[in-house]
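See below for the structure under consideration.
Just follow the structure's listing: the first ligand is 1, and inside any ligand the first atom is 1. Numbers here are sequence positions counted from 1.
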Amino acid sequence: MQNIALVTGITGQDGSYLAEFLLSKNYAVHGIIRRHSTPCTERIEHLIGAENFFLHYGDLTDSSNLANLVRKIQPTEVYNLAAQSHVGISFEVPEYTAEVTGVGTLKLLEAIRQNKPDAKFYQASTSELFGGLPETAPQSELTPFYPKSPYGAAKLYAYWITKNYRESYNLFAANGILFNHESPRRGEDFVTRKITKAVAKIFSGKQEKLSLGNLNAKRDWGFAGDYVEGMWKILQQDKADDFVLATGETHTVREFVEVAFAEVGIKISWRGVGVEEKGYNAETGKLLVDVNEKFFRPAEVDLLLGNPAKAEKILGWQRKTNFRDLVKMMIESDLRSEKNS
Ligand code: NAP
Ligand code: F7E
C-alpha cells in the first residue's frame, strides 16, 4: 500500500525539501497551501504537476478545513511544518503567532484524532524551546525548556499538546526538536540568508553594506536537506518519541559573516564594540557591515548548541553537511541568482 503524507507548511523551506524527499520514496504527497494575492509556490514550483503531488487550500487556523482534509486524504503520516516561524516578528504579532504556531497544532491533532487516529504525526518543535538557559548547552531531549519569545512560547504549547495527545489518546505523535537549519531556500529575513544574499549583492556591486543586529548570538546551524530525512526517520520508529536534531557545533553570527565574505575572497576586519561595531574590507578599508539596533529583539537567545546523540543512536541520523559547506552552498546559489538577474 502506498504511503500518503499530508504536509502543512509545504511552501516553506523545510516543506519543499521534505516533499522532494517523500516523493523520492514513492509517497503520495499532499500539501496545504494558503491563498495569497501573489503566488507563494516558488520553492515547490518544480514539483507542481508531478505524479503523486497534490495541493489543497487550507490554513492552520481553520479547524473545519483541517478536519475535512484529513478525512478526505486519509494520510498515513502528517508532518506539521506550518508556523509563523520568525522569532523576531513574533514580538510584533504575538497573538497571531500563538494562534497559528501554538493552537494550530492542537487543531491539526484534533482533526487526526477524530478522522484518522492511526496516522503518524510529526511536530516541528524547535531549539527555541531551550532559549534562556545558555548554561545548559549542549542541549538534549532532557534539557529544561525556557522559551524567550512569543514564538518559543507558542512552540512550547505545541510541543506539550503533541506529547499530551500521545499519552492521552495513544496517537503516534512525535516531536522533532530541530536546531537551526538553513539552505539556499531559507527565507530572506533569517540571518544566514540575509548575509549570503547581501554578500552576493555586495560582490556584484549592487549593494553597499549589510546591517545586522546581535553579532554575538551563537547558533547550531545545519543544512535543511539533511534535517528532513531526520523528520522522516522519526516517524519510521515503532514507538512515538521526541528527538533533538543538531550538528553539535555552534558559531556566532559574526563568524557566519566572516566565512560568507571569505567565500568571495574578502577578509573582514572588525573595529568597535556593541552598536558601534563595524566590519571593514581588510584590504581596501571599505565599510561592509554595521550594526543597527532595529534588528535587536526585546529578548535574545544567546547560545544554542545541540546534542544529537539520541538521534544518532536510535535513528541512525547524522548531519552530512558541515558549516563551511553550508555557507559555501548558500553563497554559490545567491551568486548564481545575482548573475542571472
Ligand atoms: P518557513 O520557511 O517560514 O515556512 C513556514 C510555512 O508555514 C510556510 O509554508 C507558510 O506558508 C506556512 N504557514 C504559515 N502560517 C500558516 C497558516 N496559518 N496556515 C497554514 N500554513 C501556514 O519555515 P521553515 O524554516 O520551513 O520551518 C518549518 C517548521 O519548522 C516551522 O514550524 C518552524 O517553526 C520549524 N522550525 C524551523 C527551524 C529552522 O531552523 N528552519 C528549526 C526548528 C523548527 P506561506 O508560504 O503561505 O507563508
Ligand atoms: O536569527 C541574530 C538574531 O532569525 C538568528 C527560525 O527558523 O531558528 C530560527 O530562529 C540569530 C538571532 O533565526 C540579525 O538576533 C542578528 O540571535 O536567523 P534568525 P532564529 O531566531 O534562531 C529556530 C530554531 C526556529 O525555530 C525559528 O523558526 O541572529 N541576528 N542580526 C539577526 N537575525 C535576523 N533575522 N536578522 C538580523 O539582521
Side-chain angles (χ1 to χ4, degrees), residues 7-19 31-36 39-44 56-62 65-66 79-90 93 96-97 99-101 103-105 107-108 122-131 147-149 151-152 154-155 158-159 175-183 185-195 198 210-224 227-228 231 244-246 251-254 256-257 289 291-304 306:
V7 181
T8 74
I10 196 146
T11 55
Q13 172 190 256
D14 291 5
S16 65
Y17 284 110
L18 180 67
I32 296 182
I33 58 165
R34 301 192 286 175
R35 191 264 164 182
H36 288 251
C40 64
T41 46
E42 197 185 326
R43 294 183 180 106
I44 52 168
H56 310 264
Y57 283 111
D59 197 297
L60 268 201
T61 58
D62 188 329
N65 161 265
L66 297 174
Y79 294 85
N80 184 30
L81 308 185
Q84 191 305 93
S85 74
H86 198 285
V87 174
I89 294 171
S90 77
V93 289
Y96 176 72
T97 303
E99 285 294 338
V100 176
T101 306
V103 179
T105 305
K107 289 179 175 166
L108 185 54
Y122 173 88
Q123 169 58 18
S125 286
T126 166
S127 51
E128 283 293 303
L129 297 174
F130 302 119
K148 293 269 281 189
S149 62
Y151 169 79
K155 283 284 185 184
Y159 170 92
N175 284 289
I177 308 172
L178 271 51
F179 282 65
N180 299 52
H181 43 279
E182 319 293 314
S183 74
R185 297 182 195 168
R186 184 57 141 156
E188 293 173 15
D189 53 2
F190 295 97
V191 78
T192 55
R193 186 72 200 293
K194 182 174 166 182
I195 294 168
L210 163 66
S211 295
L212 292 168
N214 179 8
L215 297 173
N216 296 316
K218 288 180 144 183
R219 290 291 182 275
D220 179 328
W221 279 299
F223 169 52
Y227 284 56
V228 297
M231 296 177 187
V244 160
L245 302 185
H251 299 272
T252 59
V253 171
R254 189 181 294 99
F256 196 105
V257 171
V289 187
V291 172
N292 187 327
E293 279 178 85
K294 86 171 176 204
F295 299 114
F296 289 167
R297 294 168 181 183
E300 178 61 288
V301 169
D302 295 321
L303 165 65
L304 291 175

heavy-atom search around atom 8 (C) of ligand 1 in the protein gives T11 OG1, 3.6 Å

Residues in ring pair (Phe, Tyr, Trp, His ring centres under 6.0 Å) contact with F190, at least two apart in sequence or another chain: H86

I'd like to check whether N80 has a polar contact with ligand 1, where a contact means an N/O of the residue lying under 3.5 Å from an N/O of the ligand. no

For atom 21 (N) of ligand 1, closest protein heavy-atom neighbour: A82 CB, 3.4 Å

Should H36 be counted as touching ligand 1, given the test is an N or O pair under 3.5 Å? yes

Interfacing atoms of ligand 1 (cut-off 4.0 Å, heavy-atom, K155): 31 (C), 32 (O), 33 (C), 34 (O), 35 (C)

Is there a polar contact between ligand 1 and F190, counting only N or O atoms under 3.5 Å apart? no

Would you tell me which option among G31, S85, G12 has the nearest heavy-atom contact to atom 23 (O) of ligand 1? S85

Got the closest protein heavy atom to atom 40 (O) of ligand 1, with its distance? H181 N, 2.9 Å

Taking only heavy atoms of Q13, which atoms of ligand 1 are found under 4.0 Å from at least one of them? 2 (O), 25 (O), 26 (O), 41 (N)

Output block, N or O contacts of ligand 2, threshold 3.5 Å exclusive:
residue	atom	partner	partner atom	Å
ligand 2	4 (O)	R297	NH2	2.8
ligand 2	7 (O)	R186	NH1	3.2
ligand 2	7 (O)	R186	NH2	2.9
ligand 2	8 (O)	N180	ND2	3.0
ligand 2	15 (O)	E300	OE2	2.6
ligand 2	17 (O)	R219	NH2	3.0
ligand 2	17 (O)	E300	OE1	3.0
ligand 2	17 (O)	E300	OE2	2.9
ligand 2	18 (O)	V191	N	2.8
ligand 2	21 (O)	R297	NH1	2.6
ligand 2	22 (O)	N180	ND2	2.8
ligand 2	22 (O)	R219	NE	2.8
ligand 2	26 (O)	T126	OG1	2.7
ligand 2	26 (O)	Y151	OH	2.7
ligand 2	28 (O)	S85	O	2.7
ligand 2	28 (O)	Y151	OH	2.8
ligand 2	31 (N)	G213	N	2.8
ligand 2	35 (N)	D189	O	2.9
ligand 2	35 (N)	R297	NH2	3.4
ligand 2	38 (O)	K194	NZ	2.7

Shortest protein contact, atom 36 (N) of ligand 1 (heavy atom only): Y151 OH, 3.8 Å

Could you walk me through whether R219 and E300 pass the salt bridge (Lys or Arg N to Asp or Glu O under 4.0 Å) test, one step at a time? CA-CA 12 Å; R219 290 291 182 275; E300 178 61 288; 3.6 Å; yes

What protein heavy atom sits nearest atom 31 (C) of ligand 1, and how far away is it? L81 O, 3.1 Å

Please check: side-chain N/O of N175 versus main-chain N/O of I177, any donor-acceptor pairing under 3.5 Å? no

Closest non-hydrogen protein atom to atom 48 (O) of ligand 1, residue and atom name please, with distance? R34 NH2, 2.8 Å

Numbered atoms and elements of ligand 1 in range of S125, under 4.0 angstrom, heavy atoms: 43 (C), 44 (C)

Looking at ligand 1, does any of its N/O atoms fall within less than 3.5 Å of an N/O of L60? yes

Going by the order shown, which atoms of ligand 1 are within less than 4.0 Å of some heavy atom of D59? 17 (C), 18 (N), 19 (N), 20 (C)

What residue and atom, counting heavy atoms only, is the protein's closest point to atom 26 (O) of ligand 1, and at what distance? D14 N, 2.8 Å

Looking at atom 25 (O) of ligand 1, what's its closest protein heavy atom, distance included? R186 NH1, 3.3 Å

Can you list the ligand 1 atoms lying under 4.0 Å from a non-hydrogen atom of V100? 15 (N), 16 (C), 17 (C), 18 (N)

